[in-house]
> 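Sharing a structure with you now.
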Amino acid sequence: MTKKTGIFVGSFNPFTVGHDNIVTRALPLFDRLVIGVVGDQVHKPNMPSAEERMKAISELYADEPRIEVKPYYGLAVDFAKAENAHFIVKGVRSVKDFEYEREQADVNRQIAGVETLLLYSEPQYSSISSTMVRELQHFGVDVEAFLPKRWMRNE
C-alpha cells in the first residue's frame with residue numbers, strides 16, 4: 001500500500017508557532033509529512049545553514065515518526081516528486097497570501113500534477129511571520145511567544 005505523503009516547504013527562518021500549527025493540523029491527513037527546508041542557495045542575510053534549521057525542526061518532531069525533515073533545492077514540485085508526494089501543504093494568513101499561493105498551486109498542478117492543500121491560519125497566528133520574528137529579534141525583543149514551546153527547550 002502506498003503511503004499518502006505531503007510536503008510542507010519553506011525557509012523556516014525561524015520555524016514559528018504558525019508553522020508548527022500548520023504541521024500539527026496537516027499531519028492527520030497524511031501517513032508521512034516531509035518538511036522541506038530550502039537549501040542554502042536562498043540569499044537572506046544572516047540565515048542559519050539548512051543543516052542548522054533542519055536540526056532544530058527535527059528535534060522539535062523527534063517523537064513523531066510520520067514527520068521527516070529534509071533539505072530541498074529547486075522547485076517544490078521536483079521535491080514532491082522525489083518524495084513521492086502528491087500534495088504540497090501551505091499555510092495562508094491573508095488574502096495576499098491566498099492570491100500568491102493560488103497562482104503557485106495552479107502552476108504546480110499544470111507542470112507536475114501536484115495538488116496544493118491550503119490551510120488557513122488560525123486567527124492567533126495570522127500576524128506571525130518569520131520576517132516579523134527576525135525583525136523583533138534584531139531589536140532585542142523577546143520572541144519566545146512566537147516560537148514553538150518545544151523549540152525553546154532546544155535553543
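Keep in mind the model is a prediction, meaning the values are calculated, not measured.
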> Do Y100 and I7 sit in the same hydrophobic cluster, where Ile, Leu, Val, Met, Phe, Trp and Tyr count as joined when their side-chain heavy atoms come under 4.5 Å apart?
no

> Please round to the nearest 0.5 Å and tell me the distance separating atom OG1 of T16 and atom CE of M132.
7.5 Å

> Tell me, please, which residues at least two apart from D78 pass side chain to side chain contact (heavy atoms under 4.5 Å, CB included).
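With neighbours one apart ignored, the set is L75.
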
> I need the minimum non-hydrogen distance between V38 and A50, along with the two atoms involved.
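Distance-wise, the nearest heavy atoms are O-CB, 4.0 Å.
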
> Among residues at least two apart in sequence or on other chains, which ones pass side chain to side chain contact (heavy atoms under 4.5 Å, CB included) with L29?
L117

> Between Q104 and T116, is any pair of side-chain heavy atoms under 4.5 Å apart?
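Q104 does not reach T116 side chain to side chain.
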
> Just jot down the side chain to side chain contact (heavy atoms under 4.5 Å, CB included) partners of T5, sequence neighbours excluded, or say none.
K3, R32, V34, A85

> Using a strict threshold of under 4.0 Å (side-chain N to carboxylate O), is an ion pair present between E51 and K55?
no

> Which atom pair, heavy atoms only, marks the closest approach of R25 to P28?
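Taking every non-hydrogen atom into account, O-CD, 3.3 Å.
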
> Do side-chain atoms of K81 reach the backbone of A112 as a donor and acceptor pair under 3.5 angstrom?
yes

> Is there a side-chain contact between F79 and K70, using heavy atoms and a 4.5 Å cut-off?
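A side-chain contact under 4.5 Å exists here.
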
> Assess the residue pair V77 and V107 against the criterion (side chain to side chain contact (heavy atoms under 4.5 Å, CB included)); give the C-alpha distance rounded to whole Å, side-chain angles, the decisive distance to 0.1 Å, and a yes or no.
CA-CA 10 Å; V77 291; V107 170; over 6 Å; no

> Would you say that V69 contacts V37 through its side chain, given a criterion of any heavy-atom pair below 4.5 Å between the two side chains?
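Side chain of V69 against side chain of V37, heavy atoms only: contact under 4.5 Å found.
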
> When Ile, Leu, Val, Met, Phe, Trp and Tyr are grouped by side-chain heavy atoms lying under 4.5 Å apart, directly or through other members, which residues fall in the same group as Y120?
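Via sub-4.5 Å side-chain contacts, Y120 links to V92, F98, L118.
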
> Just how far is it from atom CZ of F146 to atom CG of D20, taken to the nearest 0.5 Å?
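F146 atom CZ to D20 atom CG measures 15.0 Å (nearest 0.5 Å).
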
> Any heavy-atom pair between the side chains of F12 and I35 that's under 4.5 Å?
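They are in side-chain contact.
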
> Can you confirm whether R53 sits close enough to P71 that some side-chain heavy atom of one is under 4.5 Å from a side-chain heavy atom of the other?
no

> Less than 4.5 Å apart, side chain to side chain, heavy atoms only: is that true for E122 and N21?
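Side-chain contact under 4.5 Å: yes.
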
> Could you grab the distance from atom OH of Y72 to atom CD of E83, nearest 0.5 Å is fine?
12.5 Å

> Can you tell me how far apart OG (S130) and CD (E135) are? Round to the nearest 0.5 Å.
11.5 Å

> Would you say N108's side chain and V114's backbone share a donor-acceptor pair under 3.5 angstrom?
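Not a single qualifying donor-acceptor pair exists.
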
> Any donor-acceptor pair under 3.5 Å linking the side chain of E59 with the backbone of A56?
no

> For the residue pair I67 and V23, what are the closest heavy atoms and their distance?
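The answer is CD1-CG1, 3.6 Å.
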
> Are L27 and R66 close enough that some pair of their side-chain heavy atoms sits under 4.5 Å apart?
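They are in contact (side-chain heavy atoms under 4.5 Å apart), so the answer is yes.
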
> Please name all residues satisfying ring pair (Phe, Tyr, Trp, His ring centres under 6.0 Å) with F87, sequence neighbours left out, ordered by chain then number.
F30

> Can you tell me how far CZ of R134 sits from CG of N13, rounded to the nearest 0.5 angstrom?
4.5 Å

> Using the side chain to side chain contact (heavy atoms under 4.5 Å, CB included) criterion, which residues pair with R109? Sequence neighbours excluded.
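Partners of R109 by the side chain to side chain contact (heavy atoms under 4.5 Å, CB included) criterion, ordered by chain and then number, come out as D106, E115.
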
> Okay, side chain of R93, backbone of I128: is any donor-acceptor separation there less than 3.5 Å?
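Flag set: sc R93 to bb I128 pair under 3.5 Å.
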
> Contact between V133 and P14 at the side-chain level, heavy atoms closer than 4.5 Å - yes or no?
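Answer yes - side chains close enough.
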
